[in-house]
Undergrad: 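Have a look at the structure that comes next, please.
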Amino acid sequence: MNDSNPHYEQTRRKPWNDPRVRALIFQAVAIAAVFWSGWALIDNTLANMESRGISTGFDFLNQSAGFGIIMSLIPYDATMSYGRTFWVGLLNTLLVSGMGIIAATVLGFIIGVARLSSNWLIAKIALVYVEVIRNIPLLLQIFFWYFAVLRNLPSPRQSVDVGGLLFLNNRGLYLPDPVAEPGFGWVAAAIVIAIAAVVIIRILAKRRQMATGKIFPTVKVSVAVLIGLPLLAYLAAGGPISWDIPELKGFNFGGGITMIPELAALWFALSIYTASFIAEIVRSGIMAVSKGQTEAAQALGLKSGMTLRLVVIPQAMRVIIPPLTSQYLNLVKNSSLATAIGYPDLVSVFMGTTLNQTGQAVEVVAMTMGVYLTISLLISLFMNIYNRAVALKER
Amino acid sequence: MTESVMSPPKRTVGPVQWVRRNLFNTWYNTLLTVVIGYLLVTSVGPLLNWLFLDANFIGDSPEACVGEGACWVFINQRLNFFIYGFYPGDEQWRVNIMFALLAICIVPQFIEGFPARRWLGLFAVSGLPIVGYFLISGGWFGLETVPTHKWGGLMLTLILAYVGILASLPIGIVLALGRRSDMPIIRGICVVFIEVWRAVPLITVLFMASVMLPLFLPEGMNFEKLLRALIGITLWQSAYMAEVVRGGLQAIPRGQYEAASALGLGYWRKMGLIVLPQALKLVIPGIVNTFIALFKDTTLVLIIGLFDILGTVQSTVTDPAWQNVAIEGYVFVAFCFWVFCFGMSRYSQNLERKLDTGHRT
Amino acid sequence: ATTLESVKDRGHLQCGVTTGLPGFSQPDDKGNWTGIDVDTCRAVAAAIFGDGAKVQFTPLTAKERFTALQSGEIDVLSRNTTWTLTRDASLGLNFTGTNYYDGQGFLVRKEIGVSDASELDGATFCIQAGTTTELNLADYFRANDMEFKPLVFDTSEQTVQGFASGRCDVLTSDRSQLAALRSKLSDPSSAVILPNTISKEPLGPVVRQGDDQWFNIVKWVLFAQINAEELGITSENVDKMKESDNPNIQRLLGTDGDMGEKLGLPAEFGYDIVKEVGNYGEMYNRNVGPGTPLDLERGLNALWTEGGIMYAPPLR
Amino acid sequence: MSEQTQSTQDQQVVDSAKAEKTIIRVEDMHKWYGSFHVLKGLNLDVSQGERIVICGPSGSGKSTFIRCINRLEEHQQGKIIVDDVELTDDVRQIDSVRREVGMVFQHFNLFPHMTVLENCCVAPIWVRKTPRKEAEATAMDYLKRVKIPDQAHKYPGQLSGGQQQRVAIARALCMKPKIMLFDEPTSALDPEMIKEVLDTMIELASSGMTMICVTHEMGFAKTVADRVIFMDGGEIVESAPPHDFFGNPQEARTQQFLQQILHH
Amino acid sequence: MSEQTQSTQDQQVVDSAKAEKTIIRVEDMHKWYGSFHVLKGLNLDVSQGERIVICGPSGSGKSTFIRCINRLEEHQQGKIIVDDVELTDDVRQIDSVRREVGMVFQHFNLFPHMTVLENCCVAPIWVRKTPRKEAEATAMDYLKRVKIPDQAHKYPGQLSGGQQQRVAIARALCMKPKIMLFDEPTSALDPEMIKEVLDTMIELASSGMTMICVTHEMGFAKTVADRVIFMDGGEIVESAPPHDFFGNPQEARTQQFLQQILHH
Ligand SMILES: Nc1ncnc2c1ncn2[C@@H]1O[C@H](COP(=O)(O)OP(=O)(O)OP(=O)(O)O)[C@@H](O)[C@H]1O
Ligand SMILES: Nc1ncnc2c1ncn2[C@@H]1O[C@H](COP(=O)(O)OP(=O)(O)OP(=O)(O)O)[C@@H](O)[C@H]1O
Ligand SMILES: [Mg+2]
Ligand SMILES: [Mg+2]
């Protein structure tokens, strides 16, 4: 290569005009600023905590808590540790979030499809639902479900009694609790067999379609098998499940499974509120599938049901998933409003009572935020994996 | 081309036909129509009775409330408290002026082709907050100072939402630009900031802002509680805003960046003159939606002891003088929020529609 | 800076109170706070500034109160807080005394037909979160080998609403509250207060550890009020009392000695307290005493000379 | 192109002989969008095996017309009879007509979430209840015919425009329709791709399929059409064999249009 | 067109005389996208006032090449010297080069939120710090030159494609660049629009502007180019005056390409 060039003289390059150098300096400054403020924050906090005589560290997690919690998924009583209260609260949060996500998804899809219904009344009701529910603060809706509904439920003595098995009153919904007896193994086996049978049916159905073109009603048959087989086994084994039936003891019902009104109210409010957003997401997802797709399917002779199932929904899902993810995240975060009605979730139990008893605000709040951060990262992660799996193949 | 001489055949759109087509076109639609119709008839009637027909509107004491209906007398009596909180009665005209200014700025935004609409909008985001601060907090021009802990009710709700959105927008823009930067460390910092704030519930943020903040600050440094709630809300909101703005930035085609570069515009001019104006216009609906979300979330300040509209209502429904007015109180608050949020969401939907068609040409 | 200095710089006292508890601290719809806890703070403000109005109230839920005090968000916590060893020793707090002796009791709905706490096995309780009530209840039931279901609310309003809506059988709280809470029910006669008292609840103002001067100030403001009652000084006769020859009175009102100076307060701090807020008895009667909605007898809270246990060290 | 023109003339002789059964009959058909009169009394008979090219200025209603033929649009007056079935509101009749009519769109409208093969099989399997094996075999046949059997397992997004349009043609053919409708099948393509698709269509035409094609590719019209129809303002202005149509247009409007187009 | 061809020959005489100073020099320039070698050692000298047309099959690197010239893409090896400034990482030098080089894109890339006039003024005002009045006057001049002064206050979305592209040209000219780059400026246009734009470019060429134009409009190349460059596979295969290039291409690859293109 020939460097000597009559027209051109090497201009000296000033380092600060090099974008790479600029970028480096800028980033160095930024990271220094972040570290400096982070350090200042920690330093201040430690200094402040020391000067105010606040104890630090996580030793408190092993101390005995000394307070009761009305509902817990793992064994808990007042003699257990603060660490235990963390898990109780966390599980309660997960419980109501999980239930909420399922219910909100189902309800949201129904309402979203109803918005596009050809039945004028249904479409309008769905519209009213969406416009009313999503424009009222969630906290108010939680209060509404809690106090309005509680007021209208009877006291335990006057419980609504469904066949002596199921009771509803202002202490909650009481359901019989199944207890396995000898012989239950048969029923369990039947369930396993039913699942296996369904898998086989699906494979056979596919094969039959391959060979003869007949389309087998897989879904209906599967449901029938899944319900029928265990039921048969149950009857044949002479009913090897005894039911722990709730009964009135003293002031309240004992035995059975209880769903406390706080859980129910929070669950309703979260599901109904979030469903109104999901409905809009579903609707716009379906509408985002171009009209050409529907037309092409129709031109091929596919009926409207098939068009929806084979062409529209699979494509709508791509549009629906990302905003749906953020709704799930919102729901989990919103479950922290439990504290307003006394449902013992993580914020209420751990960031509430435990924090108050131990006074270790920094540790407790950090743990709580860590939990929400983890949940949210996990949900995003799963959704990203799903998203990648269904991404359109492009050139 | 000759004009069409034929007009479309008159459709038989008599009511019977309409009902047929829209309510009873298939057997399952018929079934659904009947079931839902029945439910509507049985529930709407009693509701209307309670809300209006049997309700009590006039009076000045609990005794005025008789019968089964709602007791709106209660709302009437306490309305002042719900709107202004503890703001002193003689000074409430100041708040009223602000309400009026706000209405003057906002209402024209809904009216197509209103003169000076753009300028009013600009004033709403720039001048109004400053005027509002001086007017409401006072201490200037011979106005009596009203400390922030006396602010409350609807007024406080509006202040929280308004300031929250205004302050979070610029921060959100900076974060969004940072997240799209070529510099890995800047990008990393922005991503972490955004994701962390988006992951935590607002009430934990408010809790930190309201009772823990002094722990993190140097000795002796302190702000007012309201200001701290605002900082918490703003930071939290700016993470959401950043994502909205990022959506807009991503929607700007690469060609726009390239054309700007080819003309010799540097990074900041490229962003300021070319990219951001387009991106922000694209995401106005998104911003309005964020605003609605924030507006509803302001109710959470109740949990940290600020008396917003829900707070004022809650603190009065337990007044022993009035029995069983909780439902009326909550319905009132719900209605207030609904009116604001519904209005805004309509606005954003309209915009969305308009931008949609505008973009296709 | 010391707490006293920063309070003086700021120009007002920052005082943590409840979000609304009749007789102790409650805002009316003008934002004026009333109650015995509120008056305690006013007395501190009066002692520092000579003006009982120079105080700002921060409403706090029970869960937030200690964090707010620890962080420096408030200067004094006067929020019917029970004095316990743990709180005193490990939260970095100091209790400055007791402005109300209370005990935990039960409010039960009549329809469950219970007349004694020992019959409450298996009942559901409405409690306020973050209170000693929560702990006492667990202790009491463990000690008596009974079971209970605690339903924990954030504020006392919600606790009452929970009880009123029939969600729980029993509302448990400090006895001083039960009567007032009962009066909030739409039908007060549907509930009764059980005779049992299951705990000692000395309620008093709290300050941060590590600032002895401030600790002393808040402590002695209360003592000054109790001493004033012993000495018969009231807000009405305080001006006349200034001329009194009684050295105790002179020291209290600052006409003699340097009591104020020792605390870092103006000499006349005692006079200001009584003038602005009144003595302990006045404060009691105005907020919770007979004739108020709470209608509570002095009982334990009477002066030691009158059969109670209110006793203040001498001002000298 | 000169060789092709020749072969077309040979074909025209054959074609006119077989033009027997009327497979599409349109009688005084009108359509409105709201109050806008798009189609103003169209009349058209198409015999089995006939190949018709429709052209005309933009907005003249060409697309609307052929979309009415398989009822993607509803006409409000007049009659359309396809394969002896009249198009009415009756869902069953619409279904049976659509089964016999294949359509190829300007923008292909392939299903992006299915592979090429799945795109081709979905209708035979779910509409005709063909066994999957068989459907796939047929699909591969047609993919071979449009010369892209090697792309069968790719997704539409991975193909070029010309390839996508050929898949769209194969997809329509897989239903073994009696009639094929094309709505400007080449106008969204790059010049090189156009040739691929036109070649495919010419091959198809030579197999005797009944075709109605909206296009402005006049070369194609000359090569394969039995009749060229010129539409303007929602009316059929002229309808003639290509030779006459291009050589001796009757209407002033047609002449004007042809001048524009051929000049280009 | 025949008249134009003639006038071009006249011009060529003039042009060759003035071809003095080298304004763009590319020396053994290489570029990679990741590990994909796009440009493989290009060498090119462009004299002031020279008009160069680049053609070549799709993907041959034409766009990449001219985008390197104003550093929209970064080259990794070799040298590019524009107007005596070497393109390196130095921001100031890039800025000063971009000021002298105008670019017109295939898809116009007008700023949709600004009027035509604002589009033209934004760079002079903010980059050259021209007073607004003056910038607007200049802009109007250039808009007159591209024959759309009456559209000055419309928004780009309200113009036809051809008008938009002319605005894009005017916008680039407003910076009074020494060099203009065109990247297939007509390929996104309808046939009728193409002529408008080509006419504008021909007029521009006759004013002595240095131009590098990627295009497949061979008519244009014949009319105005001083040199036609054929690229394939990231290399310059042939570079010759249009007369030789079209009349007597040296390389087999060029011949093949020309056949395809002229045939079409
Ligand atoms: N859904 C619709 N609603 C209202 N008007 C419509 C609709 N679809 C088409 N039109 C109008 O009907 C007329 C005919 O449209 P059509 O698409 O059939 O024209 P075309 O001849 O296919 O034109 P092109 O060559 O541009 O495709 C046009 O004026 C168009 O604007
Ligand atoms: N950002 C990029 N990353 C990776 N490869 C790229 C990128 N841009 C272009 N290429 C590849 O570089 C090669 C040259 O692209 P370029 O756009 O320069 O071709 P071209 O000659 O302009 O083609 P066309 O005529 O289609 O515009 C192509 O193979 C293209 O796929
Ligand atoms: Mg068309
Ligand atoms: Mg290119």
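A, B, ... follow the sequence lines: proteins, then strands. Residue 1 opens every chain. Owing to the predicted nature of the structure, the values given are computational and were not obtained by experimental measurement.
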Undergrad: Using a 4.5 angstrom heavy-atom cutoff, name the option from Leu181(D), Asn70(D), Leu72(D) with the most pairs to chain A.
TA: Leu72(D)
Undergrad: Non-hydrogen contacts under 4.5 angstrom with chain A: give the residues of residues 96-103 of chain D involved, or none if there are none.
TA: Arg98(D), Val101(D), Met103(D)
Undergrad: Are there residues of residues 327-336 of chain A whose heavy atoms fall under 4.5 Å of chain D's heavy atoms? If so, which?
TA: none
Undergrad: Side chain, backbone, both or neither: which part of Leu110(D) has a heavy atom under 4.5 Å from chain A?
TA: backbone
Undergrad: Looking at Tyr129(A), I want to see if its OH is surrounded by more than 12 non-hydrogen atoms of other residues, nucleotides or ligands under 6.0 Å.
TA: yes
Undergrad: Tell me, for Phe105(D) versus chain A, whether the close heavy atoms (under 4.5 Å) come from the side chain, the backbone, both or neither.
TA: side chain
Undergrad: Roughly how far apart are Arg92(D) CZ and Lys303(A) NZ, rounded to 0.5 Å?
TA: 7.5 Å
Undergrad: Val289(A), Leu300(A), Leu302(A): which one forms the most heavy-atom pairs within less than 4.5 Å of chain D?
TA: Leu300(A)
Undergrad: Could you have a look at Ala296(A), Ala297(A), Gly301(A) and say which one has the most heavy-atom pairs with chain D under 4.5 angstrom?
TA: Ala296(A)
Undergrad: For atom NZ of Lys133(D), is the number of surrounding heavy atoms from other residues, nucleotides or ligands below 6.0 Å larger than 12?
TA: no
Undergrad: If you measure from NE2 on His113(D) to CZ on Arg318(A), what distance do you get to the nearest 0.5 Å?
TA: 7.0 Å
Undergrad: I need the full list of salt bridge (charged side-chain N to carboxylate O under 4.0 Å, His left out) pairs touching residues 168-182 of chain D, with sequence neighbours left out, sorted by first then second residue.
TA: Asp83(D)-Lys178(D)
Undergrad: Enumerate by number any residue of residues 117-129 of chain D whose heavy atoms lie under 4.5 Å from heavy atoms of chain A; in the absence of such residues, state 'none'.
TA: Val122(D), Ala123(D), Ile125(D), Trp126(D), Val127(D), Lys129(D)
Undergrad: Between the main-chain N or O of Asp95(D) and the side-chain N or O of Gln298(A), is there a donor-acceptor pair closer than 3.5 Å?
TA: no
Undergrad: Counting neighbours of CZ on Phe382(A) that are heavy atoms of other residues, nucleotides or ligands and sit closer than 6.0 Å, is the number greater than 12?
TA: no
Undergrad: Could you check if a side-chain atom of Met114(D) sits within less than 4.5 angstrom of a side-chain atom of Pro314(A), using non-hydrogen atoms only?
TA: no
